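Structure first, commentary second.
Predicted model, so just to flag it, every value in this text is computed and none were measured. Order of the sequence lines sets the chain letters (A, B, ...), proteins ahead of strands, with each chain counted from 1.
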Protein chains: 2
Amino acid sequence: MLKDENSNTCISSSFSIFKSLNSDELELLNANLKCNTYRKGEIIYREGSWITGIYCVKKGILKIYKTGIDSKPQIVAFAIKGDITGYRSVLSNEMACTTAEIIEEAEICFIPSDIIFSLIKTNSDFALSLIQLTCRELDQANIFIKDIAQKTVKQRLAEILLMLENTFKLDEEGYIAVNLTREDLSSIVGTATESVIRILGEFKNEGLIAIKGKKIKINDKKKMNLISDSIF
Amino acid sequence: MLKDENSNTCISSSFSIFKSLNSDELELLNANLKCNTYRKGEIIYREGSWITGIYCVKKGILKIYKTGIDSKPQIVAFAIKGDITGYRSVLSNEMACTTAEIIEEAEICFIPSDIIFSLIKTNSDFALSLIQLTCRELDQANIFIKDIAQKTVKQRLAEILLMLENTFKLDEEGYIAVNLTREDLSSIVGTATESVIRILGEFKNEGLIAIKGKKIKINDKKKMNLISDSIF
DNA sequence: CGGAACTTTGACACGTCTCAAATGCCGTGG
DNA sequence: CCACGGCATTTGAGACGTGTCAAAGTTCCG
């Protein structure tokens, strides 16, 4: 029994995308996995490269970004425990359109694309789950387009902080449990690093947040929402 | 034979999303269609409402937008002949997250959602087509996030003009065959109407484009690309 | 023909970016 | 274990891009 290594415990209900698989399908999946641990800074796949399967995050945090002008990155998503990534390129037979980089020591399983395609073929509920996953992400992306186009940097930063609190758990003290550099933050919000620093400072002075190094705690979620929604 | 009204000629190979359907499935589809013509300004569905099926565009042009701050719209897509819209909300059982408005007299067919779901269930190729469609749109959205976050208004406007030329056909004189107000343009680019006007003026003075009322013609596509890619 | 919506132009204020320099933090190697 | 070097953060000053507001001109359509 290799249960602790590669098998059943690896992919299961913690990945909601696989919730519609029966035990046979789960077994097929787990029999074809390659799991690995990665350290901060490692690249799982790179924009423009061909990837041959999708990646499931068992543990840790990845940032998913596109590379823009002067190789300035634009973070378009994070992947945490239970998320899959790389599926877009695999499903549409295209080169990876983003880069996936570890920002917190991670354990990641690789699933070859033919397994995914055969699951889509044989299990329509799984296919539907995938459709719904992409639809949800598409709406998120459109919301962000709207916000980045219409909101000020301050509003966007408030919004992103709330999003981060929503995405990542809080530690014992209430700080958002992720270490992002100020530059990372600027690469999400779409602004200069210095602007992030200045506005974080304002938020802190107004008592809206607390800062301890890279860790941020939102003190006044209500006011933060008002700022983000520009009712302020 | 009602061929000219609702049946086979209506949904067919012109909708690439339906290319994987066999003749039985096409027949089922066409038997359940409701087609209508709409005039400029009409709303097909509205953000926040529940829609019970998807819409196929046989003719005409729609703008798809989200409503933002001070009800300022943010256009996130267009739908033209051969496109489907509204599928995101249907597939993920959520309220419409965008509004679809006619900007050029259109002929549109409605397909009830249960038909779509049953096709997904029985035809995995159709499901895969849908997945690939959403994946492509998702990447487009992420590209636009990157650009809107990193590019100047001028660069974005150049990019959008190129995109419009790519999306819509050209008329006999080479003008992009769509009538967008300057405000529409500003709602795509994410800027003020006045900024669009001023920069269009610059482009025109530099001979990059020609303007005839709402119609725009790109004279120097190469230079336009350079501007958009900020190699300029 | 009249009015409404759209377009254009100008002046001005403000937000945000850029550049530069100082300080702080952290991991690596001696 | 400490010192060093490099990277991240912070702060300031100044320039520039864009948004806002106001007013005039234009087009469109009933």
Side-chain angles (χ1 to χ4, degrees), chain A residues 39-42 63 68-75 101 103-105 147-158 160 178-205 209-216 227-228 230 232, chain B residues 39-42 63 68-75 101 103-105 147-158 160 178-205 209-216 227-228 230 232:
Chain A
R39 281 189 305 159
K40 185 175 169 168
E42 287 194 78
K63 61 178 174 186
I69 299 170
D70 293 330
S71 28
K72 190 174 170 33
Q74 176 66 37
I75 296 179
E101 177 180 338
I103 58 176
E104 211 149 285
E105 175 145 343
D147 289 340
I148 209 169
Q150 299 190 352
K151 290 182 172 179
T152 64
V153 172
K154 191 172 187 172
Q155 291 166 355
R156 266 144 51 199
L157 182 55
I160 292 300
V178 62
N179 284 317
L180 297 174
T181 64
R182 304 289 187 258
E183 201 182 345
D184 281 332
L185 281 173
S186 78
S187 298
I188 315 174
V189 174
T191 188
T193 309
E194 295 94 327
S195 296
V196 167
I197 290 167
R198 277 183 250 268
I199 297 173
L200 282 180
E202 287 182 45
F203 286 161
K204 188 181 169 185
N205 286 338
I209 64 172
I211 300 181
K212 210 165 57 176
K214 295 202 194 331
K215 285 281 167 52
I216 297 175
I227 292 179
S228 163
S230 61
F232 201 58
Chain B
R39 282 191 303 159
K40 186 176 168 166
E42 287 196 79
K63 61 178 175 186
I69 298 170
D70 294 329
S71 23
K72 189 176 168 36
Q74 176 68 36
I75 296 179
E101 178 182 337
I103 58 176
E104 211 148 288
E105 177 145 337
D147 289 339
I148 210 168
Q150 298 192 353
K151 291 183 174 181
T152 65
V153 172
K154 190 171 187 174
Q155 292 165 355
R156 265 142 54 197
L157 182 54
I160 293 300
V178 63
N179 284 315
L180 298 173
T181 65
R182 303 289 187 259
E183 201 182 348
D184 281 332
L185 281 173
S186 79
S187 297
I188 314 172
V189 174
T191 186
T193 308
E194 296 92 328
S195 295
V196 168
I197 290 166
R198 278 184 248 269
I199 297 172
L200 282 181
E202 287 183 46
F203 286 163
K204 188 181 168 185
N205 286 338
I209 64 172
I211 301 180
K212 211 164 54 178
K214 293 203 193 334
K215 287 281 168 48
I216 297 174
I227 292 178
S228 162
S230 63
F232 201 57

In this structure, how many angstroms lie between the P atom of D/dT10 and the CG atom of A/L200, rounded? 8 Å
Would you indicate what A/T193 reaches in the nucleic acid, counting non-hydrogen atoms under 4.0 angstrom: base, sugar-phosphate, or nothing? nothing
Expressed in angstrom and rounded to an integer, what is the separation of B/L157 atom CG from D/dG17 atom C1'? 15 Å
Could you check how far CD1 of A/I199 sits from C1' of C/dC14, rounded to whole Å? 13 Å
Might you confirm whether atom CD of B/E183 has over 12 heavy atoms from other residues, nucleotides or ligands at distances under 6.0 Å? no
Rounded distance in Å - NZ (A/K215) to P (C/dC26): 12 Å
Paired with B/L180, the side chain to side chain contact (heavy atoms under 4.5 Å, CB included) test is passed by just one of B/L185, B/I216, B/V196, namely B/L185
Exceeds 12 heavy-atom contacts within 6.0 angstrom, atom CD of A/E42: yes
Separation of B/I69 atom CD1 from D/dT20 atom P, in whole Å? 10 Å
What do the steps show when you test A/N179 against A/I103 for side chain to side chain contact (heavy atoms under 4.5 Å, CB included), and what is the final call? CA-CA 8 Å; A/N179 284 317; A/I103 58 176; over 6 Å; no
Using whole Å, what does the distance between atom C1' of nucleotide D/dA23 and atom CD1 of B/I197 come to? 14 Å
Would you mind reading off the distance between A/E194 atom CD and C/dG15 atom C1', rounded to a whole angstrom? 14 Å
Could you pick out which residue, B/T191 or A/R182, lies toward the 5' side of DNA chain D when each is mapped onto its nearest nucleotide? A/R182
Check whether the side chain of B/R198 and the base of C/dG10 form a donor-acceptor pair under 3.5 Å. yes
Atom NZ of B/K214 and atom P of D/dC28 are separated, to the nearest Å, by 7 Å
Does a side-chain N or O of A/S195 approach OP1 or OP2 of C/dT16 to a distance below 4.0 Å, or not? no
Quiz question: going by heavy-atom distance under 3.5 Å, is there a donor-acceptor pair between the base of D/dC7 and the side chain of A/E183? no
